[in-house]
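Fair warning: this is a prediction, and the values are worked out from it, not measured in the lab.
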Amino acid sequence: QVQLVESGGGLVQAESSLRLSCAASIRIFSTYAMGWFRQAPGKEREFVAAISRNGENTDYADSVKGRFTISRDNAKNTVYLQMNSVKPEDTAIYYCAASYGSPWSTSRVNYDYWGQGTQVTVSS
């Protein structure tokens, strides 16, 4: 059974940095594209970043491009989200997701497994 466990969330000030991690209990991690999504109170869950199975391709939402970086370590079954210059509007629950068999995707429907989420709160 696939499990995804996020960590690294917390309360930070605007313009600071934060790194989220997602540890995956997946037999062959490199067969899954990975993504990060977020959901703010009263809003739909939205795409943040995605990375291909071998880590060579990435994609970002326009709102985080240039500030966030997604990466993965297939030897450690872990995907990361480095968040720099965070803003109050980045406040949300951040979810890690795994997609089997697709290169990578910005769409929630293409992800097969989800973590429980980690809260990120950015104060102004």
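- No more than 12 heavy-atom neighbours from other residues, nucleotides or ligands sit within 6.0 angstrom of NZ on Lys43.
- For the pair Glu44 and Arg108, the tightest heavy-atom approach, listed with the atom from each and the gap, is OE1-NH2, 3.6 Å.
- Linking ILVMFWY residues whenever their side-chain heavy atoms come closer than 4.5 Å, directly or via other members, leaves Tyr80 and Val86 in distinct clusters.
- A search for side chain to side chain contact (heavy atoms under 4.5 Å, CB included) contacts involving Val5 returns nothing, not counting sequence neighbours.
- Nearest heavy-atom pair, Asn84 versus Gln82, reported as atom, atom and distance to 0.1 Å: OD1-NE2, 2.9 Å.
- In this structure, Asn74 contributes its side chain and Arg53 its backbone to a donor-acceptor pair below 3.5 Å.
- Between Phe47 and Phe37, the ring planes lie perpendicular to each other; the angle is over 60°, past the 30° to 60° tilted range.
- In terms of heavy atoms, Tyr111 sits closest to Ala50 at OH-CB, 3.6 Å.
- Between Tyr113 and Leu4, the shortest heavy-atom distance links the atoms O-CD1, 3.5 Å.
- Residues forming a ring-ring contact (aromatic ring centres under 6.0 Å, His included) with Phe68 (at least two apart in sequence, or on another chain): none.
- The line from CD1 of Ile28 to CG of Asn77 is 10.5 Å long, rounded to the nearest 0.5 Å.
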Can you list, pair by pair, the side-chain donor-acceptor contacts under 3.5 Å of residues 117-124, counting residues two or more places apart and other chains?
unit_1: Thr118; atom_1: OG1; unit_2: Gly9; atom_2: N; d: 3.2
unit_1: Gln119; atom_1: NE2; unit_2: Ala92; atom_2: O; d: 3.4
unit_1: Gln119; atom_1: NE2; unit_2: Thr121; atom_2: OG1; d: 3.3
unit_1: Ser123; atom_1: OG; unit_2: Val12; atom_2: O; d: 3.4

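- In summary, Asp90 and Lys87 do not engage in a salt bridge, as defined by a charged side-chain N under 4.0 Å from a carboxylate O.
- Asp112 places a side-chain N or O within donor-acceptor distance of the main-chain N or O of Tyr100, the cut-off being under 3.5 Å.
- Criterion: ILVMFWY side-chain heavy atoms under 4.5 Å apart, direct or through other members. Under it, Trp36 and Trp114 are not part of a common hydrophobic cluster.
- Tracing side-chain contacts under 4.5 Å through hydrophobic residues (I, L, V, M, F, W, Y), one reaches Ile26 starting from Val79; they form part of the same cluster.
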Determine, step by step, whether Arg67 and Met83 satisfy the side chain to side chain contact (heavy atoms under 4.5 Å, CB included) criterion, reporting the C-alpha distance in whole Å, the side-chain angles of both residues, the deciding distance to 0.1 Å, and the verdict.
CA-CA 6 Å; Arg67 299 188 297 122; Met83 306 167 62; over 6 Å; no
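- Residues Ser107 and Ser105 come closest through the heavy atom pair N-OG, 3.0 Å.
- At distances below 3.5 Å, at least one donor-acceptor pair connects side-chain atoms of Ser99 with backbone N or O atoms of Asn110.
- Judged as a side chain to side chain contact (heavy atoms under 4.5 Å, CB included), and not counting sequence neighbours, the contacts of Ser7 are Ser21.
- Taking each heavy atom of Trp104 and Asn57 in turn, the nearest pair found is CZ3-CB, 3.4 Å.
- Here the side chain of Arg72 pairs no donor or acceptor atom with the backbone of Gly55 at under 3.5 angstrom.
- A heavy-atom distance below 4.5 Å is not found between the side chains of Leu81 and Arg38.
- The ring-ring contact (aromatic ring centres under 6.0 Å, His included) search around Tyr95 returns none, not counting sequence neighbours.
- Around CD of Gln116, the count of heavy atoms belonging to other residues, nucleotides or ligands within 6.0 Å does not exceed 12.
- Listed by chain and number, the residues in a side chain to side chain contact (heavy atoms under 4.5 Å, CB included) with Thr58 are Ile51, Tyr60, Ile70 (sequence neighbours excluded).
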